[in-house]
Structure formats: C-alpha cells, structure tokens
Amino acid sequence: MPTPERNDFIRDIIASDLQTSKFEGRVHTRFPPEPNGYLHIGHAKSIQLNFGIARDHNGLCNLRFDDTNPEKEEQEYVDSIVRDVEWLAGDLKGRIYFASDYFRQMYDWAVTLVREGKAYVCDLNADEIRRTRGTLTEPGKESPYRNRSIDENLDLLDRMRRGEFPDGSKTLRAKIDMASPNINLRDPIMYRIVHEAHHRQGDAWCIYPTYDWAHGLEDSIERITHSICTLEFENHRPLYDWFLDALGIYHPQQIEFARLNLSYTVLSKRKLLQLVQERHVSGWDDPRMPTVAGYRRRGYTAESIRVFCDRIGVSKKDSIIDVATLEWSIREDLNAHARRAMAVLRPLKVVLTNYPEGQTEELPAVNNPEDESAGSRVIPFGRELYIEQDDFREVPPPKYYRLSPGTEVRLRYGYIIKCEKVIKDASGAITELHCTYDPETRSGSPAANRKVKSTIHWVSAKHAVNAEVRLYDRLFMKEDPNDAEEGKDFLSNLNPNSLEVLRYCKLEPMLGSAAPGDRFQFERMGYFCADSADSKPGAPVFNRIVTLKDTWAKIEQKGKPG
RNA sequence: UGGGGUGUAGCCAAGUGGUAAGGCAGCGGCCUUUGGAGCCGCCAUUCCCAGGUUCGAAUCCUGGCACCCCAGCCA
C-alpha cells in the first residue's frame, strides 16, 4: 500500500531544512522511551511519526532507551519495548541504543563545563534547592556554592563520581541564571548522586545524569537531525540548546508536538502501572489496556494502529481523540482482510421438525465477500441448530426483523425457516424453538430469492465446537476517566463490565483449529482474535476485538424512553 | 499577577491575502442472503472575541479572552 501523502508542521520544517541543506540533507530521528513501563498507544503515535519521517526521507530512526534513572528502569521493560517497536515499525536492523552507553562521554563533557566555569558542585539538599529556586513570579536566589573555584569543583565532582558522598548530599548544577523567567534555566541539576545499580551499568556509576543534561547529548552523539518530543518539553528547549552550545558540539533541532489523548482511556504511565499493580487488569497486555501489547493481544493489527496514527494528524494543539476513530481503523482493516465465520455466542437451540432425522448437508460459504481470493469453505447443516438468543423475540418490538413466533428468517447460506413453536421450561424460560424449513429455499436455488426480512447466523448443533469468548468493552465509563467525584480518583470510573466471559459458545467446525492470533469476523457479531496466551487448537478462546456497527442496537436504543 | 504554547464543526485536521479540503461521529436515502460492507446526499455564509489594514482577511496589524505547560536530585 502506498504511503498516503501527509503533511504536518514537522514535515514542513524538515522539508525546509532539506531545502537549505541544514543537516547536509540528512534526516535522522529517534524514538527515546524510558524503560520504566510498557509502551502505549500514545507512544505508537510517536513511533509512527519518527519512523515514518525517516522512511519518507530515506533517513534513519534510532530506538534509544533513555535509561538515566536506575530507580525506575528494568530489563523487562526494555524487552517489551523492543518487541512493541518492531511490531509497529518493523525490523530495527540493530538500531537499538542506550543512553547509559554514553555515561562516560557525558561525564567528560561535564568536566569540560566545570573547567569553563559553566557548572558547579552544589551542597544544597533537595529541600534547599527547592526553596531557593524562586517561584513563577519571583526570581530564585543564587546558591552559596555557586562561585567555588574551578579546582574545588573538579575535585568535588571527581569525588562524587567515586562514591564519597551519600545520596542527595551534592549535585552538579549548570551555572545559568537564577533570575530567568524560565524556571528550567535557574541553575538546573545535571547530576544527582544515586547509589543504585543500573540495569545495564551495574555499579559502575553512582551519579546519574538528569534528562535535561543528558538528552541533547544523546541526540548529539547519535547525529540526530530532528529531535521530536512532546509539548511539555517546549519549556526545556532553551536548556537543550544551552548545553549543546556551551559544549560547542553537534546540535540537532528539537521540535515539539501534542501528545495523544484518547477518550475513555487513561494514558499516563503512572496510572497504567497502578492498574497493573493493583490488579484491576490482568497485566500490561490485558486486552483492555491501551498498551501496544494490550492492543496486540486484543487482536488489533499493527497496520490499523499505523493508519490510525496517520489519520489523526500531528499538531501542537492539545486534543482528545474520540476512541471511535481507533475502532474505525481496525474495522476498516479487518473488513477487508478477516475471514468470515459463523459463531453463536449465546446459543438458543432450534429443531427443524420437518428436516429428516440424521441428515447432514454441506453448505458452501464465502470466506470474505470483500476479497474473492479468500475463497470459500463448506459448513455442515443439520436438523438441530443453534442460533443467537438475540435473534429471537417472543414479542418482537417494532422494526425487529428477526425471528419470532410465526415469522420467517433466512439462515445464512442455508434455508428459510419459520418459527412454529416456543418451548419453555417450568420457570417459563425459553429452552428451544421448533421451526420448519422450506426445502425449496436452499441458498443458490431459484426459490431462495424469496424476500425475507433478515438473515441470521447459526451453527449445526451436532458439529459445533465449544469455545470461550471474551467480550471486552471500554475500561472506563467516562469520556474523561480523570473526571471523578470529590475525593475519588480515576479508578472510580472503571467500567465493572469491561470484561464478560462467555463459556458456552458454539462455533462452526473450521474455527476449532484456529491458531493463536488468528482473526475472524464472526458474522453479524464483530471481529474476534484467538487469544495468544490461552487459546489452543481444539479448545479455542476468542477475544472480541471490536463489534460490528450495530444499526439495530441504535434503533432499539432510540425506541427506549429517556 | 513571570515565562512558554495553543484556539478552524460534536472529535481530529488541511489551509501560509483570492472567497472554508479530508477523516471520524451524526442524520437521511439507495443497495444488501451479515440490520456488516458499499454507494449517494446532508452536516462551519464562517475560522475564540473586538477593532484596524486591504478591492479582498481564517491568513496581516492592535487589543482582549479562554485553555494547556513550567516552581522533581522524574522523563
């Protein structure tokens, strides 16, 4: 599929840089996650942007772990991030980098700044630094340690590095301007002392660089041309530029865009972590999670996520994308590519009283009406069937076209049937339907063209495969999950019905051999994916990816008062 | 009340002085052996507001207003 032509303000900037040969005609981006959690759909937007831009310009894009804080980072997250990025962006061909590999170079550069009187060791503790930083409207106060001699600073920095001082007792600070209206420029911290093992460096270091100090250096080392990040870093750009200029090293251009927000969804790493740790979901890859791993397990295709990211655009405006836009992108993809199948989720037995006992027929069915090359298959038919409970109403509401006493309906790829009798148990619950079929109306025969109001799906009772099907709904009930009542938080907006497990589903035989990860459209029900963890051939477990558009549900809803 | 940003339809988003693209959602209709898909049509006399410049302004100027970000030794 050709890449759709896109233009956004970032691509405009790059086009103009190419015009002026600003970076010798190179385009080199990077995606720099911190390995402190799983990637989510917001990261997917950034991945698609950064890797997409590189692809569009025959450039390069690095996956770079911004692993400068050993207190929060773990190898498990590194592994999951590599997996997710490759799923979305393709083979990285080894372009995987770690900020921690640059720690020595960063340290040497810090020494350079100290030598030039542009950085100093400060003995103020965290609390004192906060108090002397000033406020939004008042300037800060200079640290009493700001004017130490270069030699003393050099000595102290060296001893910090060698572990002579306890956590938090000293920092290395850039000497910029305590009165700057931009708080980030009020002598920002470059190094803090943290005696903690790093997931890759072990105990090699006990001082770790802060984001502001490290990030531009990482970009510079990798010869990045355009360093694309989210809006909250806009205030940090003057610092990014300051460090690079003070060092006189290669200077990429930072560009900021608005991060993704999705309605009915939470996309903060802290909150996603909380959902996992407090077991509100089964894990980072729970199919209800907005993580890349979650969507993958749910059954979303990488292509649908890429298309989604392309279609929502890139700008600097804070926005909240309607989840319906995401759902539309997966439906669009699966409509074109998913094989169709018959599956009855909530079975209701139907006996065709005039159909010969013991007889079985094989009915041809199309695998995908949108794609002739998908071919066809054969489905067994017999005297006893299952249909969807929802496809029968003893007292049909207005505009209800499906089966009810005395009415006719077509069985997909089969015959037209008529409901003759409703069988109930002692409690009055419907247990089965007695119907008659019209032998002249087998699909494909001339009499089959008779108009009936609707066509329903079914599965032959004798041949049905039993399965578990998991119906997922949105995790949060509120468009803005953070909009909670006084004293409550986003958890109070969790949807108690976000998962419904159906254990007695009846599938057409072909589905029994589905491999984990296989996707189908269950006709009239939605798109489903064999669960990658729990589904086994012979004992399938399906996840509902997304429903089909349901016009009847809308009509029925409108008919209800209120 | 400091600094940095952003305002175009319900949600996104193009538009860069020449008379408001497109997608999602919604609404009508056609078609249909999936109430799916598809197709057709409707959906901003107006671009946060007020002035100004201009033959002509969403685009330029002036002044307002609203919202977001920044006072971690997180990123």
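As the structure is a computational prediction, the values presented were derived from the model and not from experiment. Order of the sequence lines fixes the chain letters, A, B, ..., with proteins taken first and strands second; residue numbering starts at 1 for each chain.
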Counting any heavy atom closer than 4.0 Å, what does [X] reach on the DNA or RNA strands: base, sugar-phosphate only, or nothing?
X: Asp12(A); value: base
X: Lys453(A); value: nothing
X: Gly37(A); value: nothing
X: Asp66(A); value: sugar-phosphate
X: Ala336(A); value: nothing
X: Tyr413(A); value: base
X: Arg402(A); value: base
X: Asn125(A); value: base
X: Glu370(A); value: base
X: Ile555(A); value: base
X: Ile189(A); value: base
X: Leu124(A); value: base
X: Ala324(A); value: sugar-phosphate
X: Phe308(A); value: nothing

Salt bridge or not for [X] and [Y], using N-O below 4.0 Å?
X: Arg544(A); Y: Asp473(A); result: no
X: Glu73(A); Y: Arg200(A); result: no
X: Asp219(A); Y: Arg30(A); result: yes
X: Asp56(A); Y: Arg11(A); result: yes
X: Glu408(A); Y: Lys453(A); result: no
X: Arg64(A); Y: Glu222(A); result: yes

* To do: Would you give the length of the straight line joining atom NE2 of His457(A) to atom CG of Leu411(A), rounded to the nearest 0.5 angstrom?
  =>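 It is 11.0 Å, given to the nearest 0.5 Å.
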Using the [atom1] atom on both, measure [N] against [M] and round to a whole Å.
N: G56(B); M: G17(B); atom1: C1'; answer: 8 Å
N: A50(B); M: G36(B); atom1: P; answer: 44 Å
N: G22(B); M: A13(B); atom1: C1'; answer: 8 Å
N: U1(B); M: A71(B); atom1: C1'; answer: 16 Å
N: U19(B); M: U59(B); atom1: C1'; answer: 12 Å
N: G38(B); M: C31(B); atom1: C1'; answer: 8 Å
N: C30(B); M: A37(B); atom1: C1'; answer: 14 Å
N: G72(B); M: A57(B); atom1: C1'; answer: 46 Å

* 5′-ward residue of the pair Pro209(A)/Lys399(A) relative to RNA chain B ->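 Its nucleotide being nearer the 5' end, the pick is Lys399(A).
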* When the nearest nucleotide of RNA chain B is assigned to Glu479(A) and to Tyr401(A) on a heavy-atom basis, which residue is associated with the more 5' position? ->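 With Glu479(A) and Tyr401(A) compared, the 5'-side residue is Glu479(A).
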* Are there more than 12 heavy atoms of other residues, nucleotides or ligands under 6.0 Å from atom NZ of Lys418(A)? ->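 Result for NZ/Lys418(A): open.
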* Could you list the residues that satisfy side-chain contact (heavy atoms from CB on, under 4.5 Å) with Asp158(A), not counting sequence neighbours? =>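 side-chain contact (heavy atoms from CB on, under 4.5 Å) check on Asp158(A) returns Tyr107(A), Arg161(A), Arg162(A).
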Please tabulate, for side-chain N and O atoms in residues 40-47 of chain A, each donor-acceptor pair with protein atoms closer than 3.5 Å (sequence neighbours left out).
residue, atom, partner, partner atom, Å
His40(A), ND1, Gly42(A), N, 2.9
His40(A), NE2, Leu267(A), O, 3.4
His43(A), ND1, His40(A), N, 2.9
Lys45(A), NZ, Ala258(A), O, 2.8
Ser46(A), OG, Asn50(A), ND2, 3.3

* Least distance between heavy atoms, Gly299(A) atom then Arg519(A) atom ->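 Result for this residue pair: O-NE, 2.6 Å.
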* To do: Extract, from 5' to 3' on RNA chain B, the first and final nucleotides lying under 4.0 angstrom from some heavy atom of chain A.
  =>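 Result: U1(B) to A75(B).
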* Please assess Tyr400(A) against Trp552(A) for the test ring-ring contact (aromatic ring centres under 6.0 Å, His included), listing each intermediate value before the final yes or no. => CA-CA 8 Å; Tyr400(A) 185 83; Trp552(A) 164 245; 5.4 Å; yes
* Asked: Tell me, what's RNA chain B's dot-bracket, Watson-Crick or G-U with both distances under 3.5 Å, | for other-strand, [ ] crossing?
  -> .(((((((.[[[..)..(...]]].(((((.......))))).....[[[[[..)....]]]]])))))).....
* Go through residues 156-169 of chain A and report each residue with a non-hydrogen atom lying under 4.0 Å from RNA chain B, sorted by number. =>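 Here the set is Gly168(A).
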* **side chain to side chain donor-acceptor pair (under 3.5 Å) involving His236(A) - partner list, sequence neighbours excluded** =>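 Scan of His236(A) (side chain to side chain donor-acceptor pair (under 3.5 Å), adjacent residues dropped) gives Asp212(A).
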* Asked: Where does G72(B) fall, syn or anti, if syn means a chi angle no more than 90° from 0?
  ->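 You should classify G72(B) as syn.
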* **pair Tyr208(A)-Phe103(A): side-chain heavy atoms closer than 4.5 Å** =>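 Yes, at least one pair of side-chain atoms sits under 4.5 Å.
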